[in-house]
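Below is one structure, written out as structure tokens; the observations come after it.
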2 protein chains.
Amino acid sequence: MNTDQLNQHEALLVKNGLKKTGARLRVLDILSGSEAAASQPDIEHVVGKDIDRVTLYRILKTFEEKGIIHRIIDNQGTANYAFCHNNCSEHAHHDEHLHFNCVNCQKVYCIDNAHLPHFKLNLPPGFSLQQLSFVATGRCENCSKLTEQK
Amino acid sequence: MNTDQLNQHEALLVKNGLKKTGARLRVLDILSGSEAAASQPDIEHVVGKDIDRVTLYRILKTFEEKGIIHRIIDNQGTANYAFCHNNCSEHAHHDEHLHFNCVNCQKVYCIDNAHLPHFKLNLPPGFSLQQLSFVATGRCENCSKLTEQK
DNA sequence: TAAACAATTGCAACAAAATTGCGTTTATAT
DNA sequence: ATATAAACGCAATTTTGTTGCAATTGTTTA
Ligand SMILES: [Mn+2]
Ligand SMILES: [Mn+2]
Ligand SMILES: [Zn+2]
Ligand SMILES: [Zn+2]
């Protein structure tokens, strides 16, 4: 609904050589509007019949390949999607921040300022490291509140 | 096929109050025989029609609940299973080791002796931590060899 | 050793998640 | 305005996982 944001999203599509379509802008809008990563089922539920299931899958895949969003698999194996903050591109993702997966609501939060340590991993011979990811589990802010109230 | 191992597996079932059945022993045998974690599709493929799909799911679920095996979701969202080494039980899992997910063959390796650092995570207010897991991605030993040869 | 009984399994049906092929529509460049 | 590749919608299929129920089986006990 926000015009500034709409222009921003349109620019994002153009920058990545993607056509400006209603479906794509809709997905970008949904992702913008949620504090946590959006799960595939959630997105699908929100858009309803406005966007065909297959189209949605293709949009998410394209966005991921272009480095616009990144996919986070939660503890149940469900795909969640969030905007990339860093300089991710078609060639490589650089989303090396903490992901927090709530055990209660299952939401996945991207946490940028939990400063993660740098250290040497002691891998077995022959194993070469490309990326190390950190996944925290616990209760998110909302769900912690709910527990207190009981 | 190994008699020692068979007895060991039977004892494991008895210890956990589970009946000794062919299907369960078969699953334990498969898990024993693979250096990496076994994916659900792999196991299903290996057992073929010997074990009904539903039975397999139930066996894996039971084993996980009893603390016999733990589930690792890989980067594609596929469930992988491996024996628990530590003192996991019906009540809690303690599989806090590194998981290595190969980008080429997708296999998941449990790596016990990659000493992971202890440190304080800086979580946003209201977020409470239960567990932190480390997932490395890269090429496993086998797949590294394959690349060299080309 | 035979009966008893709960645990385990197999089958059928269903649901959700994801993919493929193909014909049609549409955004954009010329 | 037109051409064209990109994007989309629809149908069909595959994979993954679940539920209910009846039949079977492992173990306990008499
Ligand atoms: Mn993230
Ligand atoms: Mn493990
Ligand atoms: Zn939560
Ligand atoms: Zn590999």
Side-chain angles (χ1 to χ4, degrees), chain A residues 6-7 9-30 37-66 68-69 71-81 90 106 108, chain B residues 6-7 9-30 37-66 68-69 71-81 90 106 108:
Chain A
L6 177 60
N7 290 332
H9 290 167
E10 291 186 343
L12 189 59
L13 292 178
V14 172
K15 193 184 87 177
N16 285 279
L18 300 174
K19 290 183 179 177
K20 289 182 282 185
T21 69
R24 283 173 176 165
L25 290 169
R26 186 76 209 287
V27 172
L28 291 177
D29 190 50
I30 290 170
S39 73
Q40 191 283 327
D42 277 352
I43 300 174
E44 187 177 326
H45 180 254
V46 170
V47 299
K49 289 185 302 182
D50 297 352
I51 306 177
D52 186 83
R53 273 177 59 75
V54 179
T55 301
L56 177 57
Y57 278 107
R58 291 197 271 232
I59 287 174
L60 292 171
K61 191 181 178 192
T62 301
F63 284 179
E64 195 190 351
E65 286 169 353
K66 291 290 186 178
I68 297 173
I69 63 178
R71 183 182 67 225
I72 312 117
I73 302 292
D74 68 21
N75 292 330
Q76 323 288 313
T78 302
N80 289 255
Y81 297 90
E90 198 161 0
Q106 293 301 329
V108 173
Chain B
L6 176 62
N7 289 333
H9 291 166
E10 290 186 344
L12 189 58
L13 292 178
V14 171
K15 193 184 88 178
N16 285 279
L18 300 174
K19 291 183 178 175
K20 290 182 283 184
T21 69
R24 283 173 176 164
L25 290 169
R26 185 77 208 286
V27 171
L28 292 177
D29 191 51
I30 291 170
S39 74
Q40 191 283 326
D42 276 354
I43 301 174
E44 187 177 327
H45 181 255
V46 170
V47 299
K49 289 185 301 182
D50 296 352
I51 305 177
D52 187 82
R53 276 176 52 75
V54 179
T55 301
L56 177 57
Y57 276 105
R58 291 197 270 231
I59 287 175
L60 293 171
K61 191 180 178 193
T62 300
F63 283 179
E64 195 190 352
E65 285 169 354
K66 291 291 187 176
I68 297 173
I69 63 177
R71 184 180 66 228
I72 312 117
I73 302 292
D74 69 20
N75 292 329
Q76 324 287 313
T78 302
N80 290 253
Y81 296 90
E90 199 161 359
Q106 294 301 330
V108 174

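Naming convention: chains lettered A, B, ... in sequence-line order (proteins, then strands); numbering from 1 in each chain.
In this structure, the CG atom of L28(A) is 13 Å from the P atom of dA7(D), given to the nearest Å. Between the CD atom of Q76(B) and the P atom of dT14(D) there is a distance of 21 Å, given to the nearest Å. Distance E65(A) CD to dA6(D) P: 14 Å, rounded to the nearest Å. In this entry the distance linking CG of D52(B) with P of dT24(D) reads 15 Å, nearest Å. Across the protein-nucleic acid pair, L56(B) atom CG and dT8(C) atom C1' stand 14 Å apart, rounded to whole Å. Counting to the nearest Å, the C1' atom of dT8(C) and the CG atom of N16(B) are 16 Å from each other. What separates CD1 of I59(B) from P of dG17(D) is a distance of 15 Å, to the nearest Å. In this structure, the NZ atom of K61(B) is 7 Å from the P atom of dT18(D), given to the nearest Å.
Of all nucleotides listed (dG21(C), dA7(D), dG26(D)), dG26(D) comes nearest to the side chain of T21(B). Checking dT8(C), dT26(C), dA11(D) against every side-chain atom of K19(A), the shortest atom distance belongs to dT26(C). Picking from dA27(C), dT27(D), dG9(D) the nucleotide with the shortest atom distance to the side chain of K20(B) gives dT27(D). In the set dA6(C), dA17(C), dA11(D), the nucleotide with an atom closest to the side chain of Y57(A) is dA17(C). When each of dG17(D), dG10(C), dA7(D) is scored by its nearest atom to the side-chain atoms of R24(A), the top-ranked nucleotide is dA7(D).
A distance-only check finds no donor-acceptor pair linking the side chain of D74(B) to the backbone of I72(B) [under 3.5 Å].
Residues V54(A) and R58(A) are in side-chain contact: their nearest non-hydrogen atoms beyond the backbone lie under 4.5 Å apart. For the pair D29(B)/L6(B), no side-chain contact is recorded, criterion being any heavy-atom separation below 4.5 Å from C-beta on. With contacts defined as side-chain heavy-atom distances shorter than 4.5 Å, the pair I51(B)/V27(B) qualifies. Two residues are said to be in side-chain contact when any heavy atoms from C-beta on lie closer than 4.5 Å; I73(B) and V108(B) fail this criterion.
Residue R53(A) places none of its side-chain N or O atoms closer than 4.0 Å to OP1 or OP2 of dG9(D).
Looking at heavy-atom distances under 4.0 Å, E44(A) makes no contact with the nucleic acid at all.
Both G22(B) and G77(B) lie close to DNA chain D; mapped to their nearest nucleotides by heavy-atom distance, the more 5′-ward contact belongs to G77(B). If L18(A) and R58(B) are placed on DNA chain C by their nearest nucleotide, the residue sitting closer to the 5' end is R58(B).
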